[in-house]
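Structure first, commentary second.
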Amino acid sequence: MQDQKMFCYQCQETARCQGCTVQGVCGKTADVANMQDLLIYVTKGLSAVTTAVRKQGGEVTKDVNHLVTVNLFATITNANFDLDAIADRVETTEKVKAEWLAKVDDPSALPEAATVQIARDQFEAKAKTVGVLSTEDEDVRFLRELITYGLKGLSAYTKHANALLKDDEEVDAFIQHALAATLDDSLSVDDLVALTLETGKYGVQGMADLDAANTGAYGNPEITEVDLGVRTNPGILVSGHDLKDLEMLLEQTQGTGVDVYTHSEMLPAHYYPFFKKYDNFAGNYGNAWWQQKTEFESFNGPILMTTNCIVPPKDSYKGRMFTTGAAGYPGCAHIDADAEGHKDFSAIIEMAKSCPAPTEIETGKIVGGFAHEQVFALADKVVDAVKSGAIRKFVVMAGCDGRMKSRSYYKEFAEKLPKDTVILTAGCAKYKYNKLNLGDIGGIPRVLDAGQCNDSYSLALIALKLKEIFGLDDVNDLPIVFNIAWYEQKAVIVLLALLSLGVKNIHLGPTLPAFLSPNVTNVLVEQFGIGGITNVDDDLKTMIG
Ligand code: SF4
Ligand code: SF3
């Protein structure tokens, strides 16, 4: 670490597939990366404190649970690049930690991260000592990081559910228990492997909570055509995953002459019945996160980033980019919620009024909305198609998109898939093939988009339903293969959730995580058959036959 300015290897685009050590490939500077390490450290310390309080029979308040999840969320790849905002979070966490530490009967049993108090002028120095490499054993480090990254993804989903007033104390208690466990030097590799799988189990629960929150508030997604073109009014572009933010913005833009467009992971909002009542809810503009430098420029109006993935903005539109929630970028206005969770988006709306309408970059429509209830409604048709052989295989291609050239694999894979296969997708990975017009099988589109990355939960429910209908004992006996693309830590929780549901032989690409240690990887390969990808033709032979 001495001659490295930072160390981060949490995402798929990490430098040389090893680690970012000077500055992030994502654009994160070394001081932000180090401050995020410190934020994780103090959040783990707070979690050790709250876990001790729970063990004594005490209760932990929602505001503390939310502080933990938003802290983790703010360190997800491409979520928050704002040094001051991260340092403020460290300071708040240290304050809250001190208050709760006073409630612990025997603080001497707690780890250093729980008991130490770090003043603001010590942040920079302390940050350099608490990063990933402070765990020396390679296997322990890998498992601690794998669990932490999974918890980051789970925290993001929990935060969205919380915004819709759905809290799950069991999930929050687990997140904090598991964070605390990553500080515990007495845990063996086996203990940590077990905790990794348990993290997946809570991943399923967290995604189920979010699904219940989303469908409870906005109805069940239904088959929907989404316009890719533009209208003549000025517009606001909303990106990220937070549907509550979108709802508030749509409410506040009514009658203002400003249209609202979705971008990237916000596309699936169109599939919910609730949002269809807003006549100024226009279509989807652009593609996955990594193309935003050109697309945000040509959009012409303000952009609201509700979560990751932010690409450091060009000056040409930086003044039009706003952040909210866990997202942040220095120099971009950040909109906070008031005590009741309400957000005032009037500054964005006022700016939009003086902007030209978006420049059209695409035309046509795409179809989505194939979450669990919609697919269950089509179950007879789907089952008949499988029985008659019209559908030979389902290919789950969920996950993330990214800017690496090697990701053209997924477009080519989708194009070359035999015509009797159906792609099940969720997450921004779909932008590699959702505009290819791959046709349909007896009216069932060959690309079934369930929604955002968290809606991978829907894909799991669909698989379990098919297992039930076909009377199988094992989900792996279904004609389904998994070719998952990952980029950031939400994909980690989706992967762990699939493992906990018993899904085997998942292919993960475009590269395997840099944080894998060879020993533990062998365990994952033996137990779960996890593998990478090779090239399209060979993989088609292996996966489809
Ligand atoms: Fe590097 Fe990814 Fe970490 Fe950014 S998030 S610093 S690209 S490993
Ligand atoms: Fe995409 Fe970041 Fe992962 Fe939610 S927006 S899937 S990469």
Side-chain angles (χ1 to χ4, degrees), residues 4-37 40 73-81 86 131-133 145 148-149 152-154 156-157 159-160 207 210 238-243 262-269 286-292 295 305-312 325-327 397-404 407 410 425-432 434 449-457 459 484-495 508 510-511 513-515:
Q4 292 178 356
K5 291 186 164 165
M6 60 179 277
F7 186 82
C8 181
Y9 62 176
Q10 66 174 352
C11 84
Q12 188 273 326
E13 292 189 356
T14 195
R16 305 170 310 280
C17 273
Q18 290 176 349
C20 298
T21 55
V22 181
Q23 131 143 17
V25 173
C26 57
K28 187 162 78 176
T29 55
D31 49 1
V32 172
N34 295 334
M35 196 59 76
Q36 290 188 351
D37 287 345
I40 290 295
F73 195 173
T75 69
I76 282 186
T77 302
N78 293 338
N80 200 313
F81 296 79
I86 305 284
V132 172
L133 300 178
E145 293 310 313
T148 305
Y149 303 155
K152 289 186 183 193
L154 176 53
Y157 296 154
K159 149 84 179 56
H160 297 314
M207 281 192 267
L210 179 52
V238 191
S239 193
H241 304 69
D242 200 301
L243 297 181
T262 57
H263 170 261
S264 193
E265 277 285 72
M266 200 52 87
L267 158 68
N287 293 280
W289 64 273
W290 59 276
Q291 302 198 50
Q292 64 190 248
E295 294 172 353
M305 299 299 303
T306 66
T307 69
N308 60 328
C309 276
I310 298 173
V311 175
M397 292 178 72
C400 309
D401 197 11
R403 61 200 134 193
M404 279 179 156
R407 284 186 188 257
Y410 293 102
T425 192
C428 67
K430 61 175 152 275
Y431 284 97
K432 278 282 186 281
N434 66 346
D449 177 21
Q452 300 178 335
C453 47
N454 42 291
D455 295 310
S456 300
Y457 172 71
L459 304 182
I484 307 276
W486 83 286
Y487 170 58
E488 32 83 336
Q489 299 75 50
K490 293 177 187 177
V492 175
I493 194 62
V494 169
L495 177 73
L508 193 63
T511 54
F515 49 87

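Values below: every heavy atom of this structure, side chains too, minus hydrogens, waters and symmetry copies. Indexing begins at 1, ligand by ligand and atom by atom, following the structure's order.
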Legend entry - Subset of ligand 2 atoms that lie under 4.0 Å from at least one heavy atom of Tyr487: 7 (S)
Inset, instruction - Indicate yes or no: at least one non-hydrogen side-chain atom of Tyr457 is less than 4.5 angstrom from one of Leu210. - result: no
Legend entry - Nearest-contact summary for atom 2 (Fe) of ligand 2 - protein heavy atom, Å: Cys309 SG, 2.3 Å
Inset, instruction - Would you indicate whether the side-chain heavy atoms of Leu495 and Leu508 approach each other to under 4.5 Å? - result: yes
Inset, instruction - Can you spot which of Arg403, Met404, Arg407 makes a side-chain contact (heavy atoms from CB on, under 4.5 Å) with Trp290? - result: Arg403
Legend entry - Protein contact of atom 6 (S) of ligand 1 - nearest heavy atom, named by residue and atom, plus distance: Gly24 CA, 3.4 Å
Inset, instruction - Just say parallel, tilted or perpendicular for the rings of Tyr9 and Tyr149, cut-offs at 30° and 60°. - result: perpendicular
Legend entry - Any Asp401 side-chain heavy atom under 4.5 Å of Asn287 side chain: no
Legend entry - Test of ring centre spacing under 6.0 Å for Trp289 and Tyr487: yes
Legend entry - Ligand-residue contact atoms, ligand 2 with Trp289, heavy atoms, under 4.0 Å: 7 (S)
Inset, instruction - Please work out whether any backbone atom (N, CA, C, O) or any side-chain heavy atom from C-beta onward of Glu488 is under 4.0 Å from ligand 1, and answer side chain, backbone, both or neither. - result: neither
Inset, instruction - Let me see the working for Gln4 and Leu133 under side-chain contact (heavy atoms from CB on, under 4.5 Å), right down to the final yes or no. - result: CA-CA 11 Å; Gln4 292 178 356; Leu133 300 178; 3.7 Å; yes
Legend entry - Reference residue Thr77; test side chain to side chain donor-acceptor pair (under 3.5 Å); the match among Lys152, Glu488, Gln489: Gln489
Legend entry - Subset of ligand 1 atoms that lie under 4.0 Å from at least one heavy atom of Cys8: 3 (Fe), 5 (S), 6 (S), 8 (S)
Inset, instruction - Please could you name the atoms of ligand 2 that Cys453 approaches to less than 4.0 Å, counting only its heavy atoms? - result: 4 (Fe), 6 (S)
Legend entry - Chi angles and distances behind the side-chain contact (heavy atoms from CB on, under 4.5 Å) call for Lys430, Glu265: CA-CA 10 Å; Lys430 61 175 152 275; Glu265 277 285 72; 4.2 Å; yes
Inset, instruction - Any atoms of ligand 1 less than 4.0 Å from a non-hydrogen atom of Cys20? List them with their elements. - result: 1 (Fe), 6 (S), 7 (S), 8 (S)
Inset, instruction - For atom 2 (Fe) of ligand 1, find the nearest protein heavy atom and state the residue, atom name and distance (0.1 Å precision). - result: Cys11 SG, 2.2 Å
Inset, instruction - Tell me, please, if Cys26 has any N/O/S atom, main chain or side chain, under 2.8 Å from atom 1 (Fe) of ligand 1? - result: no
Inset, instruction - Please report which non-hydrogen protein atom sits nearest to atom 1 (Fe) of ligand 2, along with the residue it belongs to and the distance in Å to one decimal place. - result: Cys428 SG, 2.3 Å
Legend entry - For His241, atoms of ligand 2 separated by under 4.0 Å from a heavy atom: 4 (Fe), 5 (S)
Inset, instruction - Number the atoms of ligand 2 from 1 as they appear, then name those within less than 4.0 Å of a heavy atom of Asn308, with their elements. - result: 2 (Fe)
Inset, instruction - Below 4.0 angstrom from a heavy atom of Thr77, which ligand 1 atoms are there? Numbered from 1 as shown, please. - result: 5 (S)
Inset, instruction - Check ligand 2 against Glu265 and write out every atom of the ligand that is under 4.0 Å from a heavy-atom position of the residue. - result: 1 (Fe), 4 (Fe), 5 (S), 6 (S)
Inset, instruction - Keeping the roles fixed (side chain from Ser239, backbone from Ser264), state whether a donor-acceptor pair exists under 3.5 Å. - result: no
Legend entry - Point-to-point distance, once rounded to the nearest 0.5 Å, from NZ of Lys5 to OG1 of Thr29: 10.0 Å
Legend entry - Heavy-atom nearest neighbour in the protein, as seen from atom 3 (Fe) of ligand 2, with distance rounded to 0.1 Å: Cys400 SG, 2.4 Å
Legend entry - Beyond-backbone contact of Ile493 with Tyr157, side-chain heavy atoms, under 4.5 angstrom: yes
Inset, instruction - Just jot down the ligand 1 atoms closer than 4.0 angstrom to any heavy atom of Tyr9, in number order. - result: 8 (S)
Inset, instruction - Just jot down the ligand 1 atoms closer than 4.0 angstrom to any heavy atom of Met6, in number order. - result: 6 (S)
Inset, instruction - Look at ligand 2 and say whether Glu488 reaches it with a heavy atom at a distance under 4.0 Å. - result: yes
